[in-house]
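Protein chains get the first letters and strands the later ones, always in sequence-line order, with residue 1 at the start of each.
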Amino acid sequence: ETGVTQSPTHLIKTRGQQVTLRCSSQSGHNTVSWYQQALGQGPQFIFQYYREEENGRGNFPPRFSGLQFPNYSSELNVNALELDDSALYLCASKAGGLWDYNEQFFGPGTRLTVL
Amino acid sequence: AQSVTQLGSHVSVSEGALVLLRCNYSSSVPPYLFWYVQYPNQGLQLLLKYTSAATLVKGINGFEAEFKKSETSFHLTKPSAHMSDAAEYFCAVTLSTGNQFYFGTGTSLTVIP
């Protein structure tokens with residue numbers, strides 16, 4: 001059974017650029033969540049996707065957007081990058097939807113550095 | 001609003017000593033509580049979770065936590081620390097009616113030989 005995978009592992013961008021991060025959910029998992037973890041902080045919820053639709057969003061501006069594909073993989077897009085966007089971005093997947101308290105499995109993350 | 005507070009950003013214990021990592025939560029409804037561990041350059045791994053069943057929850061690697069509603073606490077303990085326990089530990093809460101996780105700021109555990 002393959003776990004949650006994320007790509008790329010590291011990324012360096014400059015301020016104002018756009019970035020796309022990718023996540024492949026664990027087999028059988030149809031819900032994907034994205035988190036931002038700044039250095040020395042706990043993960044902050046960005047949004048969650050279930051059946052290709054966003055069904056929850058944290059306190060992040062609209063320049064953070066996402067997609068979920070029919071195979072349940074997901075993308076996180078960030079436009080107009082700012083220095084404060086530098087962080088570890090974690091993807092988590094789980095089986096079930098909003099009402100299912102199944103365990104979330106986290107990927108290793110993508111380390112984004114904005115210069 | 002829901003939140004968790006982890007007291008002590010850094011905790012050091014000797015190998016073989018008791019590990020106690022503190023977590024207090026704030027929730028307007030009965031919460032679901034979790035402890036995750038993060039090793040360097042890795043994602044989060046679930047240690048244990050409380051989902052309104054038994055108040056004493058046993059997890060992996062010898063860790064356990066007790067849900068105390070009167071104290072709004074969910075402290076993580078392990079009787080005897082091992083060198084491999086050195087990592088960052090996060091407490092998290094989610095609502096009974098939603099899936100958004102709220103994480104604490106983490107506690108870095110150092111185990112001294």
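- Heavy-atom distances place the side chain of Gln37(A), and not its backbone, under 4.5 Å from chain B.
- Note: Tyr36(B) OH to Phe106(A) CZ = 5.0 Å, rounded to the nearest 0.5 Å.
- Using a 4.5 Å cut-off between side-chain heavy atoms of Ile, Leu, Val, Met, Phe, Trp and Tyr, with links allowed through other members, Tyr89(A) and Leu11(A) fall into the same hydrophobic cluster.
- Interface remark: Tyr102(B) contributes no atoms to any contact with chain A (heavy atom separation under 4.5 Å).
- One hydrophobic cluster holds both Phe67(B) and Leu21(B) under the rule that ILVMFWY side chains link at heavy-atom gaps under 4.5 Å.
- For a residue to count as touching a neighbouring chain, one of its non-hydrogen atoms must lie under 4.5 Å from one of that chain's; by this rule Gln38(B) touches chain A with the side chain only.
- With rounding to the nearest 0.5 angstrom, the CD atom of Gln48(A) is 9.0 Å from the CZ atom of Phe101(B).
- What you find for Pro43(A) and Leu44(B) is that their closest heavy atoms are CG-CD1, 3.7 Å.
- There is no contact between Arg111(A) and chain B, counting heavy-atom distances below 4.5 Å.
- Hydrophobic clustering, with ILVMFWY side chains joined whenever heavy atoms are under 4.5 angstrom apart, keeps Leu33(B) apart from Leu7(B).
- Ranked by non-hydrogen atom pairs under 4.5 Å with chain B, the options Gly56(A), Gly109(A), Pro108(A) are led by Pro108(A).
- Connection of Val19(B) to Leu76(B) is established within a shared hydrophobic cluster, with ILVMFWY side chains joined at heavy-atom distances below 4.5 Å, either directly or through further cluster members.
- Taking hydrophobic clusters as Ile, Leu, Val, Met, Phe, Trp and Tyr residues chained together by side-chain heavy-atom distances below 4.5 Å, Leu81(A) does not share a cluster with Tyr35(A).
- Counting heavy atoms of neighbouring residues, nucleotides and ligands inside a 6.0 Å radius, atom CZ of Arg57(A) exceeds 12 of them.
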